[in-house]
Amino acid sequence: MFTPEIESAERERLREIQSERLKKTVRRAYENIGFYKKLFDESGVSPYDVKSIDDIENLPFTTKEDLRDNYPFGLFAVPKDELIRIHASSGTTGKQTVVGYTKHDIDIWSESAARAIAAAGGTKNDLIHISYGYGLFTGGLGLHYGAEKLGAVALPVSSGNTNRQVQLMRDFGSDILCCTPSYAMYIGETMKELGISPDSLPLRAGIFGAEPWTEGMRGEIEKLLGIKAYDIYGLSEIAGPGVSYDCECQNHLHVNEDYFYPEIIDMDTGKPAGDGVYGELVFTCIGKEALPLIRYRTRDISALFRGKCACGRTTVRMAKPKGRCDDMLIIRGVNVFPSQVEHVLTKMGYGGNYLIVVERKNNLDQMEVKVEITEDLLTDTVRGIEKAGKNLENALASFLGIHAKVTLAEPKSLPRSEGKAKRVIDNRKLI
Amino acid sequence: MFIKQLSIFVQNEPGRLSEIAGVIAGAGVDIRALSIADTTNFGILRLIVDKPTEAMEALGKLGLTVKLTEVIAVEVNDRPGEFAGALRVLGDAGVVVEYIYAFLSRSPGKACVILRVDDNEKAEGILQNAGIVTLRERDLYAV
């Protein structure tokens, strides 16, 4: 553990830290950010009434819309001379989400990422191969600072030029790979094409995040690269990668709750959900100076689990996010997450690369799943291949509750991603 | 012995077949026989080549998935009734034929038929008992 005094702290000790930090954060937000002053005043909540972490449930939410409305720097609690970094996340529609960091903010984020790398078995002696994009995106720099904080060797390869990634991995002897899970698959396939066996490389672990992925995909990556695959979660609004992370038990992600306090709420009512119940994940940045977001609705679907983990950590764990509420497709009235499709595909022996295409024909939603045929599923008869497609259609129908047309594609014919994979094309024109 | 056949899953896309044929040519592999099963969404290209291993390697480099299957090749006289006779003995013995393709042999007056059946051993025995010649790989490659 990088910080055992926190990661395996007594619960009571964590609560004290959280209560103290929440009080400070709420006051900082109220006194320095016009938006929060207005929000608190309008909802009739006084920041000075907050006494302990339990009072968090009375506080109002912050949404992505609020960040956009205050674009670019309207929610910053510090003047420019205290900022040392700005990141922005690619808004798929319109404005970007802009986030700022003070020296202290970068420190706690780096510490969070260092805990994640250490939990994946990283040490000072390891070469951390970072294939997340460097730039406005938090992935590259987040892991980079984490690796340096740990005292490991950061290798800032950034994404792209996959042949060179493999070459560096072999020549430099990278120990831990950090990138998106879809890029990890791509790197693994490239390795195979180049005739390099993963056994011949020292690489032993991967830290993958920035997009939702399933346990099935984890199995695929572990097999393809011959490593143990650890999930890392984060979002730029809260900090970046390192908000939560897998330990060796791979049994939900440990949240750095001394800095990022998590809650799960019912998506529709906003009421707190019980432990183990899936709902929208909400974070309060109780350790940050520049952007102390309060009860920020992440749009991610997850659940929380308490109780000491077999690894010795006592911090609360969150389920691998099922996906973003925004990724949820409503097809003929049924909710479908791409991760559910991925789950069925990997269970049926397909690889993790797929594309969901949704159309509306004659006022009826049609869902098509394109997936690459594998060597094991290929036969020399039309009947055999059509049967494989039919079996998959049946498995999807029974898991999703709606029919999806399956189109088998040639291996390696679907687009590969060097960053976040695009899994859904929704061509429905809504009037 | 049975004949090795390569089956390749091909997307319906202009130029795809020529790309595959080009790769095989580039590897110095000679195609002895071929057939294509076409459906609305995809095709299966089946090939008998003189160097199956080299062909598989070259196709693999193109990112294609290739399935290796064993098929039977028989040589019949190029005369009405010969092919029907061969099929009759198989049918009478309950052998299921999945697909067939045929080509003319370079031996004068002979034709070659490639048979994909549900039970290679059984089919070969029946054909041989009926006096029908089954070809070995080297016979076929020399054709």
Side-chain angles (χ1 to χ4, degrees), chain A residues 162-163 166 185-197 220 224 345 348-355 357 359 366-393 404-416, chain B residues 2-20 23 33-49 52 55-73 96-101 114-120:
Chain A
T162 311
N163 283 4
V166 176
M185 290 289 289
Y186 190 2
I187 292 176
E189 286 170 357
T190 305
M191 222 181 255
K192 217 170 161 182
E193 272 165 33
L194 295 173
I196 295 172
S197 151
E220 289 281 316
L224 191 63
L345 291 177
M348 297 292 287
Y350 292 86
N353 216 32
Y354 62 96
L355 196 60
V357 183
E359 312 267 0
Q366 313 270 359
M367 176 169 148
E368 181 188 6
V369 175
K370 293 187 178 181
V371 64
E372 294 167 358
I373 191 148
T374 64
E375 213 162 319
D376 292 342
L377 291 160
L378 178 64
T379 69
D380 62 321
T381 62
V382 171
R383 194 156 49 99
I385 294 174
E386 284 180 345
K387 190 168 161 244
K390 188 50 86 184
N391 286 346
L392 181 56
E393 278 184 1
K405 180 185 175 239
V406 166
T407 302
L408 296 174
E410 264 180 34
K412 305 207 174 97
S413 63
L414 296 178
R416 278 351 190 218
Chain B
F2 308 117
I3 310 292
K4 287 190 184 72
Q5 172 192 266
L6 312 184
S7 302
I8 303 149
F9 184 91
V10 188
Q11 238 153 267
N12 291 347
E13 213 173 80
R16 193 62 179 145
L17 274 178
S18 97
E19 207 176 335
I20 294 170
V23 168
L34 70 83
S35 90
I36 292 181
D38 61 310
T39 76
T40 30
N41 295 316
F42 61 87
I44 306 170
L45 171 64
R46 301 163 186 141
L47 296 170
I48 309 276
V49 298
M56 280 189 75
E57 258 173 39
L59 292 166
K61 277 194 190 132
L62 192 65
L64 287 163
T65 298
V66 185
K67 184 89 181 175
L68 201 61
T69 333
E70 291 193 320
V71 292
I72 295 177
V96 176
V97 178
E98 297 272 0
Y99 54 81
I100 285 179
Y101 49 106
I114 304 290
L115 290 163
R116 164 74 156 97
V117 295
D118 61 344
D119 186 338
N120 275 338

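Residue numbers start from 1 in every chain, and the chains themselves are labelled A, B, ... in the order their sequence lines are given, proteins ahead of strands.
In summary, the side chains of B:T39 and A:E386 do not present any donor paired with an acceptor at a separation below 3.5 Å, with no hydrogens or angles considered.
The two residues B:I44 and A:I385 have their closest heavy-atom pair at CD1-CD1, 3.5 Å. Here the closest non-hydrogen pair linking A:S413 and B:Q11 is OG-OE1, 3.2 Å.
Using a 4.5 Å heavy-atom cutoff, the side chains of B:T65 and A:T374 are not in contact. Between A:D380 and B:Y99, some side-chain heavy-atom pair lies under the 4.5 Å cut-off. The shortest distance between side-chain heavy atoms of B:E13 and A:E410 does not fall below 4.5 Å. For the pair B:F42 and A:L408, the minimum side-chain heavy-atom distance is 4.5 Å or more. Between B:K67 and A:T379, the closest side-chain pair of non-hydrogen atoms is not below 4.5 Å.
A distance of 11.0 Å separates CG of B:L64 from CD of A:E375, quoted to the nearest 0.5 Å. Here the straight-line distance linking atom CG of A:L378 with atom CZ of B:F9 works out to 7.5 Å at 0.5 Å rounding.
Only the side chain of B:E98 comes within contact range of chain A, with heavy atoms under 4.5 Å apart. Looking at B:V66, only its backbone comes within 4.5 Å of chain A, counting heavy atoms on both sides.
For A:K412, the NZ atom counts as densely surrounded, since its 6.0 Å shell holds more than 12 non-hydrogen atoms of other residues, nucleotides or ligands.
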